Amino acid sequence: MTSSARPLLNRRLAEFGTTIFAEMSALALSTGAINLGQGFPDTDGPEEIREAAVRALRDGRGNQYPPGPGVPELRTAITAHQQRRYGLGYDPDTEVLVTAGATEAIAAALLALVEPGDEVIALEPYYDSYAACIAMAGGRRVPVTLRAHEDEGRFRLDLDELRDAVTDRTRLLLINTPHNPTGTVLTREELAAIAELAVERDLLVVTDEVYEHLVFDDAEHVPLATFPGMRERTVTISSSGKTFSFTGWKVGWVTGAPELVTAVRSAKQYLTYVSAGPFQYAVAEALSLPESYFADFRADMLAKRDLLAAGLAEAGFRVFRPSGTYFITTDIRPLGESDGFAFCRGLPERAGVVAIPNAVFYDHREEGAPFVRFAFCKRTGVLEEAAKRLGAAFRAPGTLE
């Protein structure tokens with residue numbers, strides 16, 4: 001025990017306590033509720049990829065420290081993926097870095113590129129680690145809010161608001177598309193405007209593209225690095241967990257110009273140094289799966305999205321049907337509710353289902369107060385049961401049982 005009255009946790013992290021995901025997962029366990037809060041699948045990915053990891057373990061590949069930048073096989077597979085998908089050519093030796101998931105990649109990028117006092121613009125609501133990583137880097141986060149458009153059933157970025165947020169102190173734009181938690185996929189026109197702004201104001205950009213293979217309907221994922229003037233100023237981040245349903249393996253990566261990747265690696269080497277050796281070989285094989293895998297994966301998630309969206313709508317929620325990711329954001333005001341925290345804390349007992357209040361992803365908590373996020377990356381039977389429970393818990397829109 002320390003005898004000092006000084007708080008043990010430094011001021012940069014004092015606002016960050018236990019994550020909402022830990023709280024809601026604990027509620028799911030204690031109540032036996034269906035956990036549609038945290039974004040992880042309840043089934044494993046392709047059997048051949050799991051077997052590839054087993055084979056690497058047995059063959060002694062990666063059981064000791066792998067190379068700092070990542071095993072050559074995976075770095076080569078990442079560059080082939082970027083070239084095949086998006087026409088982006090990268091050197092596997094100087095322009096790719098393997099990380100312990102996308103979360104570490106985000107942390108390393110911000111620690112490497114942000115000086116204390118620099119402003120970092122992030123699209124609000126944002127994944128909660130963004131705020132913590134900006135704080136650890138000593139930066140100042142500047143949220144630009146994606147606003148709900150009920151007539152369109154989606155959240156949209158106000159490009160004028162984004163432009164107005166840039167000041168002489170702005171160092172970096174932190175962009176997430178497909179966007180968690182709203183499910184928004186930024187359009188080519190929106191991305192072109194972001195690129196133009198970044199070039200005009202000489203800004204660095206970090207893009208979180210972990211849901212790149214989960215886009216639906218007529219949406220398309222276009223990496224920001226493909227736009228004029230962006231390759232040399234963009235750190236692109238993705239990972240294997242969301243695409244191949246092995247979230248526990250924590251294999252992510254960074255691609256970018258050599259000087260950017262070198263900077264990120266300088267920070268990353270003092271975080272985990274290296275990780276997931278045998279799994280890196282398996283992910284290299286996963287990235288080479290035929291297009292049919294990715295198409296079937298999207299089709300499966302699309303069906304699950306539609307199943308849960310229909311159940312939520314029937315229960316009385318206002319549903320914002322996502323164009324990407326595996327999350328659905330809902331508005332609880334048609335149910336006569338307006339406090340997402342209170343609603344989510346009571347939902348396990350009321351309906352036997354766990355969700356996440358979107359307000360945790362906002363600086364402007366009042367903007368996110370009436371929104372609640374559900375994950376649909378679960379087995380069909382689980383989603384059907386969740387929809388049944390929600391339907392039983394709520395009467396017609398505007399009243400509660």
Side-chain angles (χ1 to χ4, degrees), residues 20-21 24-25 27-28 31-43 45 125 127 148 150 152-155 178-185 210-211 213-219 241-243 245 247 296-335 337 340 343-344 346-358 360-361 368 370-397 400-401:
I20 193 68
F21 302 107
M24 292 300 151
S25 292
L27 266 178
T31 62
I34 295 173
N35 190 352
L36 301 187
Q38 198 161 3
F40 60 85
D42 57 0
T43 57
Y127 181 53
E150 294 178 13
E152 300 178 20
R154 66 184 291 252
F155 286 73
H179 183 263
N180 173 19
T182 69
T184 296
V185 178
V210 297
Y211 294 99
H213 290 289
L214 277 174
V215 293
F216 310 122
D217 306 323
D218 59 353
K242 308 302 184 184
T243 299
S245 299
T247 58
D296 291 346
F297 178 58
R298 283 192 300 274
D300 178 59
M301 285 296 176
L302 175 61
K304 291 175 177 179
R305 179 201 71 172
D306 291 345
L307 189 163
L308 184 58
L312 289 165
E314 289 171 8
F317 294 81
R318 179 178 294 119
V319 175
F320 293 88
R321 194 174 294 261
S323 297
T325 77
Y326 43 49
F327 301 108
I328 294 176
T329 287
T330 62
D331 188 335
I332 59 175
R333 285 173 291 190
L335 298 171
E337 300 272 353
F343 183 85
C344 287
L347 193 61
E349 290 288 354
R350 179 184 291 172
V353 176
V354 165
I356 296 293
N358 279 29
V360 298
F361 306 125
F371 300 119
V372 169
R373 191 192 81 173
F374 294 85
F376 56 87
C377 52
K378 310 297 179 179
R379 285 169 290 144
T380 298
V382 171
L383 296 175
E384 290 173 340
E385 177 62 23
K388 179 181 176 181
R389 293 184 184 187
L390 290 165
F394 300 105
R395 293 179 181 170
L400 296 176
E401 289 200 336

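Keep in mind that the numbers below use all heavy atoms, side chains included, and drop hydrogens, waters and symmetry copies. No experiment lies behind these values; they were computed from the predicted model shown.
With hydrogens and angles ignored, the 3.5 Å screen pairs no side-chain donor or acceptor of Ser245 with any backbone N or O of Thr43. When atom types are taken as modelled, the side chain of Lys242 and the backbone of Gly39 share a donor-acceptor pair closer than 3.5 angstrom. Side-chain atoms of Thr31 never come within 3.5 Å of backbone atoms of Glu349 as a donor-acceptor pair (strictly under, hydrogens ignored).
Between Arg333 and Phe371 the shortest side-chain heavy-atom distance falls below 4.5 Å. With contacts defined as side-chain heavy-atom distances shorter than 4.5 Å, the pair Pro178/Leu214 does not qualify. Val372 has its side chain within reach of Cys344: a pair of non-hydrogen atoms, C-beta onward, lies under 4.5 Å apart.
Between Phe216 atom CZ and Met301 atom CE the span is 7.5 Å, to the nearest 0.5 Å. For the atom pair CG (Leu308) and CZ (Phe317), the distance works out to 9.5 Å, reported to the nearest 0.5 Å. With values rounded to the nearest 0.5 angstrom, Phe394 atom CZ is found 9.5 Å from Leu312 atom CG. Atom OG1 of Thr329 sits about 8.5 Å away from atom CZ of Phe361, to the nearest 0.5 Å. Distance check, rounded to the nearest 0.5 Å: CG of Asp306 to CG of Asp217 gives 7.5 Å. Note that CD1 of Ile328 is 11.5 Å distant from CZ of Arg373, once rounded to the nearest 0.5 Å.
When all heavy atoms are compared, the tightest approach of Ala313 to Val319 is N-CG2, 3.7 Å. Of all the heavy atoms in Gly183 and Thr325, the pair that sits closest is CA-OG1, 3.9 Å.
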Side chain to side chain contact (heavy atoms under 4.5 Å, CB included) evaluation trace for Phe155 with His179: CA-CA 10 Å; Phe155 286 73; His179 183 263; over 6 Å; no
Verdict with supporting geometry, Val185 and Tyr211, side chain to side chain contact (heavy atoms under 4.5 Å, CB included): CA-CA 10 Å; Val185 178; Tyr211 294 99; over 6 Å; no
Test log, rule side chain to side chain contact (heavy atoms under 4.5 Å, CB included), inputs Ser25 and Asn35: CA-CA 7 Å; Ser25 292; Asn35 190 352; 3.4 Å; yes
Audit row: Phe327, Asn180, side chain to side chain contact (heavy atoms under 4.5 Å, CB included) steps and yes/no: CA-CA 7 Å; Phe327 301 108; Asn180 173 19; 3.5 Å; yes
Acceptor/donor pairs from residues 374-388 side chains to any protein atom, 3.5 angstrom cut, sequence neighbours excluded:
residue : atom : partner : partner atom : Å
Lys378  : NZ   : Phe40   : O            : 2.5
Arg379  : NE   : Asp42   : OD2          : 3.2
Glu385  : OE2  : Arg389  : NE           : 3.0

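Each of Asp331, Ile332, Leu335 was scored for a side-chain contact (heavy atoms from CB on, under 4.5 Å) with Arg318, with one residue passing: Asp331.
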